[in-house]
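What follows is one structure encoded as structure tokens, with my remarks underneath.
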Amino acid sequence: MDKKWIFLLILSSFLVSCGEFNNVLKSTDYEYKFKKGVEYYQAKDYNHAITLFEELVYAFRGTSKGDDLYYYYANSCYNQGDYLLSGHYFKSIVEQYPRSEYAEEAQFMIGMCFFKDSPDPMLDQEVTLKAIDALQLYINMYPYSTKRVEEARMLIDELNEKIVYKSFLSARLYFDMGYYKSSVIALNNSLNDHPITKHREEIKFLLFKSKYLLGVNSIEEKKRERLNDAMDEYFTFVDEFPDSKYTKEVKRDYAQIKVLLGIEQQTSTTIN
């Protein structure tokens, strides 16, 4: 069979499909439309499914099949990447049909929709926080759902890392601009809020570096106090990360702190 005939067959099939869908769309039988919508959904034809489900929202609202409609509509939107609308209809299940067979899954999927919409760490993290809250609520409501609870915890950890990384990037911006006091505050807040993070070594290094440069660049009345604070941070860092990739740099800065505090004279010895 040549390419022309294959093209004509595909075109013919497409036109027949469009004609069938238009007939469904024109129907005033809501039950029939819903049945066909589910068929499109099961065939992964989410565009057609969404078009039909959208027409049925008001007709099915408050009825015994409302949660079925919301469930298929929400999942169709989710599979099309419309997480905002998907989350809205999953939330509708939870709020309007709390005893529905879909209620547990819907609560989890609310968190998943926020998770999918969570932006790059450089951007505002309001949606990320909403994702964490929704997933934590799921864990609180369904603590014995072992598989999903474990997944929810993993997602929360990932989201928390994003928030930590944003705080790290913000602090790094303060650091790069020479606002060392603001950098110290931001980094301490990050560690207080998220003491366990894969970025901990970087944060602790930047915290020491910020305190060191804050001390070095301070007026005389505040220099000694701030350098002593940086020295304390040095001991904390090397104790926690004895084999850090930053060890050579922090040792060099520590040696300079001792010179500035009069603990040790300047030498030409290289710190390894």
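Not measured: the values here are computed from a predicted model. Residue numbers run from 1 in the order of the sequence given.
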Please check if atom [atom1] in [X] has more than 12 non-hydrogen atoms from other residues, nucleotides or ligands closer than 6.0 Å.
X      : atom1 : result
Leu123 : CG    : yes
Gln136 : CD    : yes
Gln80  : CD    : yes
Met141 : CE    : yes
Ile219 : CD1   : yes

Examine [X] and [Y] and state if one hydrophobic cluster contains both, with Ile, Leu, Val, Met, Phe, Trp and Tyr joined whenever side-chain heavy atoms are less than 4.5 Å apart.
X      : Y      : value
Leu173 : Phe205 : no
Tyr174 : Leu206 : no
Met154 : Ile132 : no
Leu52  : Leu69  : no
Leu135 : Leu84  : no

Interatomic distance, [X] atom [atom1] to [Y] atom [atom2] [nearest 0.5 angstrom]:
X      : Y      : atom1 : atom2 : value
Phe168 : Leu191 : CZ    : CG    : 11.0 Å
Asp133 : Ile156 : CG    : CD1   : 9.0 Å
Asp120 : Tyr165 : CG    : OH    : 9.0 Å
Leu129 : Ile163 : CG    : CD1   : 4.0 Å
Asp253 : Leu260 : CG    : CG    : 10.5 Å
Glu161 : Thr128 : CD    : OG1   : 12.5 Å

Contacts of type ring-ring contact (aromatic ring centres under 6.0 Å, His included), residue Tyr254, not counting sequence neighbours: Tyr234, Phe235
Looking only at atom types and distance, does a side-chain atom of [X] sit under 3.5 Å from a main-chain N or O of [Y], one as donor and one as acceptor?
X      : Y      : result
Thr63  : Phe60  : yes
Arg61  : Gly66  : no
Ser170 : Lys166 : yes
Ser86  : Ala74  : yes
Tyr142 : Gln107 : no
Glu233 : Lys211 : no
Ser183 : Tyr179 : no
Lys65  : Glu31  : no
Ser92  : His88  : yes

Nearest heavy-atom pair of [X] and [Y]: which atoms, and what distance?
X      : Y      : answer
Met231 : Ile257 : CE-CG2, 3.8 Å
Ser210 : Leu187 : OG-CD1, 4.0 Å
Ile203 : Ser190 : CD1-OG, 3.8 Å
Pro121 : Leu169 : CB-CD1, 4.3 Å
Glu104 : Ser145 : OE2-OG, 2.9 Å
Ala134 : Gly111 : CB-CA, 3.7 Å

[Y] and [X] aromatic ring geometry - parallel, tilted or perpendicular at 30°/60° bounds:
X      : Y      : result
Tyr40  : Phe21  : perpendicular
Tyr41  : Tyr72  : perpendicular
Tyr83  : Tyr78  : perpendicular
Phe237 : Phe241 : tilted
Phe53  : Tyr73  : tilted

Does one side chain, of Thr236 or Lys204, offer a donor that lies under 3.5 Å from an acceptor on the other? no
Does a donor on one side chain sit under 3.5 Å from an acceptor on the other, for Asp67 and Gln96? no
Stepwise, does the salt bridge (Lys or Arg N to Asp or Glu O under 4.0 Å) test hold for Glu55 with Lys33? CA-CA 9 Å; Glu55 284 205 347; Lys33 276 188 172 181; 2.4 Å; yes
Looking at side-chain heavy atoms only, is the closest gap between [X] and [Y] below 4.5 Å?
X      : Y      : result
Tyr138 : Val149 : yes
Met112 : Leu155 : yes
Asn228 : Arg224 : yes
Thr197 : Asn160 : no
Asn189 : Ser167 : no
Gln256 : Tyr212 : yes
Asn75  : Phe90  : yes
Pro119 : Val127 : yes

Do NZ/NE/NH1/NH2 and the carboxylate oxygens of [X] and [Y] come within less than 4.0 Å?
X      : Y      : answer
Lys162 : Glu158 : no
Glu151 : Arg148 : no
Glu249 : Lys209 : yes

Verdict with reasoning, Tyr71 to Glu105, per side-chain hydrogen bond (donor to acceptor under 3.5 Å, both in side chains): CA-CA 9 Å; Tyr71 178 77; Glu105 182 180 351; 3.2 Å; yes
Test salt bridge (Lys or Arg N to Asp or Glu O under 4.0 Å) on Glu220 and Lys223 and set out the steps. CA-CA 5 Å; Glu220 288 304 317; Lys223 180 170 288 189; 3.5 Å; yes
Glu240 and Arg200: CA distance, side-chain angles, deciding distance, side-chain contact (heavy atoms from CB on, under 4.5 Å) verdict: CA-CA 10 Å; Glu240 186 172 352; Arg200 185 174 176 84; 2.5 Å; yes
If you apply the rule salt bridge (Lys or Arg N to Asp or Glu O under 4.0 Å), what do you find for Glu202 with Arg172, and how did you get there? CA-CA 10 Å; Glu202 291 177 278; Arg172 181 89 216 190; over 6 Å; no
Please confirm whether the ring centroid of Tyr180 lies under 6.0 Å from the ring centroid of Phe175. yes
Would you check, one step at a time, whether the test side-chain contact (heavy atoms from CB on, under 4.5 Å) holds for Phe34 with Lys36? CA-CA 5 Å; Phe34 177 65; Lys36 296 302 292 184; over 6 Å; no
